[in-house]
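All values derive from a computational prediction rather than experimental measurement.
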Amino acid sequence: MLYIGVDLGTSAVKLLLMEGDGTIQKIVSREYPLYFPNPGWSEQNPKDWYEQTMEGLKELLADCDRSRVAGISFGGQMHGLVILDRDDQVIRPAILWNDGRTQEECDYLNNVIGKETLSSYTANIAFAGFTAPKLLWVQKHEPENFSRIEKIMLPKDYLAYRLSGVHCTDVSDASGMLLFDVKNRCWSKEMLDICGVREEQMAKIFESYEVVGTLLPEVAAQLGLSETVKVIAGAGDNAAAAVGTGTVGDGGCNISLGTSGTIFISSEKFGVDKYNALHAFAHADGHYHLMGCMLSAASCNKWWMDEIIGTKDYAAEQAQITKLGENHVFYLPYLMGERSPHNNPNARATFIGMTMDTTRADMTQAVLEGVAFALRDSLEVAKSLGIQIERTKICGGGAKSPLWKKIIANVLNLKVDVIESEEGPGLGGAMLAAVGCGEYASVEEAATKIVRVIDTIEPDGQLAAKYDARYQQFKQIYPTCRPLFDIIS
């Protein structure tokens, strides 16, 4: 049978068609606009997601035997606030994960309600990108819109609703709303009360591999598919990427170098770090995970190449970088503020250390290294919990760079396993669809049989030592700059 994975990203939706044995038959991508109505704001129109997904599905299925399609599932950008009225119409543009407008609401939640209280309810504290602060913002600044809310949804779940007619979400995506009791995998009544919403306004919760329904007749007709095609809940993009890289079970690790960057550590047991610097979420495999998330990762390199240097030849720029571990330029990768571990929407990207002999290659190298150093910030938090990680998988657009993978292996001093497919969230979504349709008995079984490691980048002892010394300098820059960030914001 065939399974479809839908990766609803920030800049595009990527659709993947997978055979039951994990063979990828076809991949299609469709872009849509991103809006910045005010500095630090980030929005999209959910209608664009649906329209481009439907067009992408038609293209994806054009040359295949559609009678073999059994299921469809999702990996999607997390935290975005999608609100529907009583007619299931979108009330306002979705407020996205990288939107920084909710500083006052986060301060209220963290300082008035209190971080310990939040953590006891949800296993997490308030971050500007989370959904609950966005609800409070809408309640305060757009009360007429707030009063019309009948359903509160997340981006990928809006797609699942449009395809199936079911208001649904999954445990991994719901974990990032600050409305979900992660340990007990249910809505937190206390947090719903704090945000002034009722449980019936929330979507029904499923495990990521569970079937939520089947295709609506009109959707099936448009796509030329059977109405029996199952719609499976899916997962937040990072959990879906973890499934797609085989990061399931206990002690697995995955680094994602997409628009945002994450270090994802899977665990069979629930756990929270002392300062809530890492997110403690439910995992798509039925267990739990810890995750450090930086808001700008591969997007830093894209910004540097496209907007500043003015080139699309990323490989040519990286070919000029030859002296790893010796760069005198540092870069803080906080183009959209930062989440883990600093939780500061006022943080800004910064170059420091340039001299008259600084080259273009030095600056490019600093961007790649800055992202790696910021990922290590989160790894250090995990180490402080006694978690020992020796190797990691890697995925995302940035993972296509051999140089960047080498830098990450040595900055984090981890073995970096490269898998056959780097289509993390899309492949993970297709795998969840296969599990939901009974092709595999569990997510772990699917990962074991589908995910294949084809290469490993080993850290070099001498280079890792050089990078450790550089990291000790890097980690002093943010605390030094933080008061200035608060002033210039």
Would you call [X] and [Y] a salt bridge, using N to O less than 4.0 angstrom?
| X | Y | result |
| --- | --- | --- |
| Lys475 | Asp377 | no |
| Lys393 | Asp417 | no |
| Lys415 | Glu390 | no |
| Glu51 | Arg30 | no |
| Glu59 | Lys26 | no |
| Asp455 | Lys405 | no |
| Asp306 | Lys312 | yes |
| Lys302 | Glu307 | no |

So, [X] and [Y]: side-chain donor and acceptor under 3.5 Å apart, yes or no?
| X | Y | answer |
| --- | --- | --- |
| Asn124 | Thr122 | no |
| Gln44 | Tyr35 | no |
| Glu19 | Gln25 | yes |
| Ser401 | Gln318 | yes |
| Trp304 | Thr364 | yes |
| Asn184 | Asp181 | yes |

For [Y], does its backbone N or O pair with a side-chain atom of [X] as donor and acceptor, under 3.5 Å?
| X | Y | value |
| --- | --- | --- |
| Asp170 | Ala233 | no |
| Gln77 | Gly9 | yes |
| Ser299 | Thr259 | yes |
| Asn410 | Asp460 | yes |
| Tyr275 | Pro341 | no |
| Tyr440 | Glu445 | no |
| Gln222 | Val219 | no |
| Trp97 | Phe130 | no |
| Lys230 | Cys437 | no |
| Glu420 | Val453 | no |

Between His287 and Phe281, does the ring centroid distance fall short of 6.0 Å?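 No; Phe281 has its ring centre 6.0 Å or more from that of His287.
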Is the Phe127 to His79 ring centre distance short of 6.0 Å?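 For Phe127 and His79, the ring centres are not under 6.0 Å apart.
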State the [atom1]-[atom2] distance between [X] and [Y], to the nearest 0.5 angstrom.
| X | Y | atom1 | atom2 | answer |
| --- | --- | --- | --- | --- |
| Glu338 | Arg348 | CD | CZ | 11.5 Å |
| Leu278 | Leu385 | CG | CG | 6.5 Å |
| Thr392 | Ile255 | OG1 | CD1 | 4.0 Å |
| Glu369 | Leu403 | CD | CG | 8.5 Å |
| Ile205 | Glu210 | CD1 | CD | 11.0 Å |
| Met336 | Asp99 | CE | CG | 7.5 Å |

Is there side-chain contact between [X] and [Y], with at least one heavy-atom pair below 4.5 Å?
| X | Y | value |
| --- | --- | --- |
| Thr214 | Ser164 | no |
| Ile152 | Val82 | no |
| Thr350 | Tyr478 | no |
| Thr169 | Phe206 | no |
| Val272 | Ser119 | yes |
| Leu257 | Leu375 | yes |
| Ile408 | Val411 | no |
| Val416 | Lys406 | no |

Working note: Leu57 + Leu15, criterion side chain to side chain contact (heavy atoms under 4.5 Å, CB included); need CA distance, chi angles, decisive distance, verdict. CA-CA 7 Å; Leu57 285 169; Leu15 304 111; 3.5 Å; yes
Shortest non-hydrogen contact from [X] toward [Y]:
| X | Y | value |
| --- | --- | --- |
| Tyr288 | Phe270 | CD1-N, 3.6 Å |
| Met18 | Leu427 | SD-CD1, 3.6 Å |
| Leu34 | Glu43 | CD1-O, 3.7 Å |
| Met202 | Leu179 | CE-CD1, 3.8 Å |
| Ser73 | Ile232 | OG-O, 3.0 Å |
| Ala174 | Phe180 | O-CB, 3.2 Å |

Would one find more than 12 heavy atoms of other residues, nucleotides or ligands at under 6.0 Å from atom NZ of Lys400?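 Enclosed.
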Is it the case that atom NZ in Lys383 sees more than 12 heavy atoms from other parts of the structure closer than 6.0 Å?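 Result for NZ/Lys383: enclosed.
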With a cut-off of 3.5 Å and sequence neighbours excluded, list every side-chain donor-acceptor pair involving residues 235-250.
from: Asn238; atom 1: OD1; to: Thr262; atom 2: OG1; distance (Å): 3.0
from: Thr245; atom 1: OG1; to: Ala241; atom 2: O; distance (Å): 3.1
from: Thr245; atom 1: OG1; to: Ala242; atom 2: O; distance (Å): 3.1
from: Thr245; atom 1: OG1; to: Thr247; atom 2: OG1; distance (Å): 2.9
from: Thr245; atom 1: OG1; to: Asn254; atom 2: OD1; distance (Å): 3.4
from: Asp250; atom 1: OD1; to: Glu268; atom 2: N; distance (Å): 2.9

Run the numbers on Leu295 and Leu335 for side chain to side chain contact (heavy atoms under 4.5 Å, CB included), then give the verdict. CA-CA 8 Å; Leu295 295 181; Leu335 289 172; over 6 Å; no
Step-by-step side chain to side chain contact (heavy atoms under 4.5 Å, CB included) determination, Ile263 to Cys253: CA-CA 7 Å; Ile263 182 164; Cys253 184; 3.8 Å; yes
What ring pair (Phe, Tyr, Trp, His ring centres under 6.0 Å) pairs are there with at least one residue in residues 240-267, not counting sequence neighbours?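 Sorted pair list: Phe264-His283, Phe264-His289.
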Aromatic plane relationship, Tyr467 with Phe373 - under 30° parallel, 30 to 60° tilted, over 60° perpendicular: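 Perpendicular, since the angle between the ring planes exceeds 60°.
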Can the positive tip of Arg162 be found less than 6.0 Å from the middle of the six-membered ring of Tyr50, inside 45° of the ring normal? yes
CA sep, side-chain torsions, deciding dist, call: Ile419, Arg452, side chain to side chain contact (heavy atoms under 4.5 Å, CB included): CA-CA 5 Å; Ile419 59 173; Arg452 290 177 284 273; over 6 Å; no
